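Everything below concerns the one structure shown next.
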Amino acid sequence: MSPTELSADLLHASDRTSLSKDSFKRAFIDNLFYTQGKFLQVATHKDYYQALAYTVRDRLLYRWVSTATAYTGQVSRTVSYLSAEFLMGPSLGNTLINLGILDEVRQAVGELGLDLTDLLDQEAEPGLGNGGLGRLAACFIDSLATLELPALGYGIRYEHGIFYQTIVDGWQVENTDNWLRYGNPWEIRRPEWSVEVKIGGFTETYTDTEDRHRVRWVPAKTVVGVPFDSPIPGYRVNTANTLRLWSAEATQSFDFEVFNRGDYLGAVNKKVTSENLTKILYPNDETPQGKELRLEQQYFFVACSLHDMIRILKGQGGSIERFHEKFAVQLNDTHPAIGVAELMRILVDDYLLPWNDAWSITTQTFGYTNHTLLPEALERWPLDLFRRLLPRHLELIFEINERFLHDVRVAFLGDEARVRALSLIDETGERYVRMAHLATVGSHAVNGVATLHSDLLKKDVLADFYALSPQKFHSITNGVTPRRWLALANPRLCELFRETIGDGWAKELDQLRRLERHADDAAFAERWRAIKLDNKRQLADLIVQRTGIEVDPESMFDVQVKRIHEYKRQHLAVLQIIAMYHRLKSDPNAEVLPRTFIFSGKAAPGYAIAKLMIRLITAIGDVINYDPEVRGRLKVVFMPNFSVTTGQRIYPGADLSEQISLAGKEASGTGNMKFAMNGALTIGTMDGANIEICEEVGSDNFFTFGMTAAQVEERRRAGYDPREVIEANPELHAVVELIRNGLFSRGDTELFKPIIDGLLWHDTYMLAADYASYSDCQLEVDRAYRDTARWTRMSILNVARSGKFSSDRSIQEYADKIWKVTPVSVPLL
Ligand SMILES: *Cc1c(COP(=O)(O)O)cnc(C)c1O
């Protein structure tokens, strides 16, 4: 019997991965004994969680192995999703949902005297991302598996993910995240597929034994990338794809060499230095730091991933000339854009392909997703730093650029301004490599993440590229996975879905439309409200537990959760809250609807104004929450440490979703989608995907305010003076004065001066210009909320019409328009 037959035989002979309750309980106890080394009487909740995770993982591995077998047998086109961030959230609950065994497992552990919810709470969140971009990657790999598309997610296994935020004296304090402390049952280390990566050094030319002129890269050091694989199960399908994250380790050979020279500590030091590479995630969202280690991280994971793809291709007997037929590689923003130069290096230097052939393979391989319109967020690397780390890649980029700019000169005769604008090298001052240009030139498809964003890319950020090759440009609106953001996060609402429309919605979110028929059904509306109230009670419990602040679940929960950033305008919401407070204080009988304002989000550690915005939010809470005159009317809370886990508890408990970025600044947003599908109504600007949410749910069921992106442009051109606007608006003026005079800082007029000065002298994000419109719109929200039947109807319609915002729809569009991949159904072994 061959080893293959033997293992398949054993799989069938045993019931160790059966889904029956008895075998599940048995396996759980086995894992507690033989993996954790504990027995029921002394085990902690952590032990139970680990035992449960291993038990579930075994059931998952069966699908994983079956999937790998199916993919190896078929040479189908595979998606490689390259992302420096994957903000996955905890795995256990999601896995139970996708395998369809949540209820059975809850019952099985219940019979052992354990509560599944307690065990789910034990899992440390792998916070391997900053926010929206990393979370998008996580939703996308869930959808890829659910749609049964052959795919690999490639990224970095940071030892420390995004920092853990605490609030001390009202300020953000960053604590190191240590998600691997108790081990990670969801990963498997695969040292046999390690990759050696070269870094630094210099290049030299030589003539090889066959008399060919070649270039050799002599690196300053090499680092080993070790892959850690996690299974990504699709929803109720046999497919379980792989998320492959690379961890840096020292090379064995290098250690030895130094060791033999007697420098033991030097060798150990080298080892530590190598391993630093994947130690930490850079906590900057939207504003990249030009840090050497970050470029090293980017190159490291991209080089490992491309090498891995070639190993897979070769394993299937494919030739390198067909690389692009086997792999569709998607660049999640420019973080992996160095892949364009790396693939060229491999094809030209290692495989000796002619330049044009190599370039054709490369451009047919890559697709690039742009995520931002903020100019300061576009990645660029100082030339010297780039050369120091990647000398060969810089030469190749120069060559790519020379050929590309020749084409530009031919396309735009005599237009040297256009040549400078399009160049991969920024030469306006200090010289930089422009990563967005490298990604655009090296890809056959470039896409924005919402309709407005894609239009602005064509008009603005990448306008010259659009003029040159309009056929490259696509628009694919982002989405979120309904498995995590509905099935897992909002079980009560999903139970109502199940009773009303069945459970096909989890795979075909458009089926939520069937709820529309019930929008005017009073009994249905009653249940809808009861579910929201339950979710709000749970959220209120969490709030008091995390902040000590008691909030009333009967008040409107008005929520803004996302990274803290000036363009997202948390401070616009703050101005409005202070105005409401001022109104109440001036007239205790003023008609102000009881509201609880809930904020959450992390600020980049070096982003002083963002951190000050957190301080301002906590400061107004400290005044308003303890003022007996407004008791029962207004509360302001800042929930520490916004994450996937806290998000799962916040979105379902929201009544109102604040999506108030300055129009033209938020590429898409995905938080807006999670809120809408959980029945919150949106108050938002015509920005990013807000526009499409408004279109889908209908403008009667959406609160819009503020300037459009076009009006923002116009207003700026006309010369915008915030002080003029503030002077002309007595309410806004009063609010600014209250902050300025120290009401929220115990008389300290310095503390919030940077925010006030920013508002008065620059107001880059035009709060003043949108203030009146926002304030009026909030009054409209008040009116709608007072009419309970109307509000409930609006809420039902928001959910019913949110089908477009499933990441399944996004992924289907990528598959059809960009990747040209088709599903592979997986038979179980
Ligand atoms: C969805 C999500 C985001 C993105 O939120 P936006 O409102 O789109 O900025 C950020 N962080 C986490 C943890 C999320 O779940």
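In listed order, ligands and their atoms are each counted from 1. Nothing here was measured: the structure is a model prediction, and the numbers come from that model.
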Assess the residue pair Arg135 and Val644 against the criterion (side chain to side chain contact (heavy atoms under 4.5 Å, CB included)); give the C-alpha distance rounded to whole Å, side-chain angles, the decisive distance to 0.1 Å, and a yes or no. CA-CA 8 Å; Arg135 186 53 231 173; Val644 173; 4.0 Å; yes
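- Listed by number with element, the atoms of ligand 1 under 4.0 angstrom from any heavy atom of Val644 are 13 (C).
- With salt bridges taken as basic N to acidic carboxylate O contacts below 4.0 Å, one links Arg595 and Asp782.
- Of all the atoms in ligand 1, the ones that sit under 4.0 Å from a non-hydrogen atom of Thr670 are 1 (C), 4 (C), 8 (O).
- Aromatic ring centres of Phe599 and Phe642: separated by at least 6.0 Å.
- Distances below 4.0 Å separate heavy atoms of Lys674 from the following atoms of ligand 1: 1 (C), 2 (C), 3 (C), 14 (C), 15 (O).
- Aromatic ring orientation, His565 versus Tyr765: perpendicular (interplanar angle above 60°, classes split at 30° and 60°).
- Ligand-side atoms of ligand 1 in range of Phe642: 11 (N), 12 (C), 13 (C), range being under 4.0 angstrom from any heavy atom.
- Considering backbone and side-chain atoms together, Lys562 places an N or O closer than 3.5 Å to an N or O of ligand 1.
- Taking the centre of each ring, Tyr785 and Trp791 come in below the 6.0 Å mark.
- Every atom of ligand 1 with a heavy atom of Ser643 under 4.0 Å away is listed here by number and element: 13 (C).
- Contacts between Phe675 and ligand 1 below 4.0 angstrom, taking non-hydrogen atoms only, are absent altogether.
- Considering only residues two or more places apart in sequence or on other chains, Ser802 meets the side chain to side chain donor-acceptor pair (under 3.5 Å) condition with none of them.
- Taking every heavy atom of Tyr651 and a limit of under 4.0 angstrom, the matching atoms of ligand 1 come to 1 (C), 2 (C), 14 (C), 15 (O).
- Listed by number with element, the atoms of ligand 1 under 4.0 angstrom from any heavy atom of Gly669 are 8 (O).
- For ligand 1, the polar-atom distance check against Gly671 finds a nitrogen or oxygen pair separated by under 3.5 Å.
- A cation-pi geometry, defined here as NZ or CZ lying under 6.0 Å from the six-membered ring centre and within 45° of its normal, does not hold between Lys458 and Phe473.
- Judged by the shortest distance from any of its heavy atoms, Lys568 lies inside the 4.0 Å radius around the atoms of ligand 1.
- Residue contact check: Trp485 has heavy atoms under 4.0 Å from atoms 15 (O) of ligand 1.
- Of the possible polar contacts, none joining the Ser230 side chain to the Leu243 backbone as a donor-acceptor pair under 3.5 Å is found.
- Ligand 1 is approached by Gly131 to a heavy-atom distance shorter than 4.0 Å.
- In summary, Arg649 and Asp121 engage in a salt bridge, as defined by a charged side-chain N under 4.0 Å from a carboxylate O.
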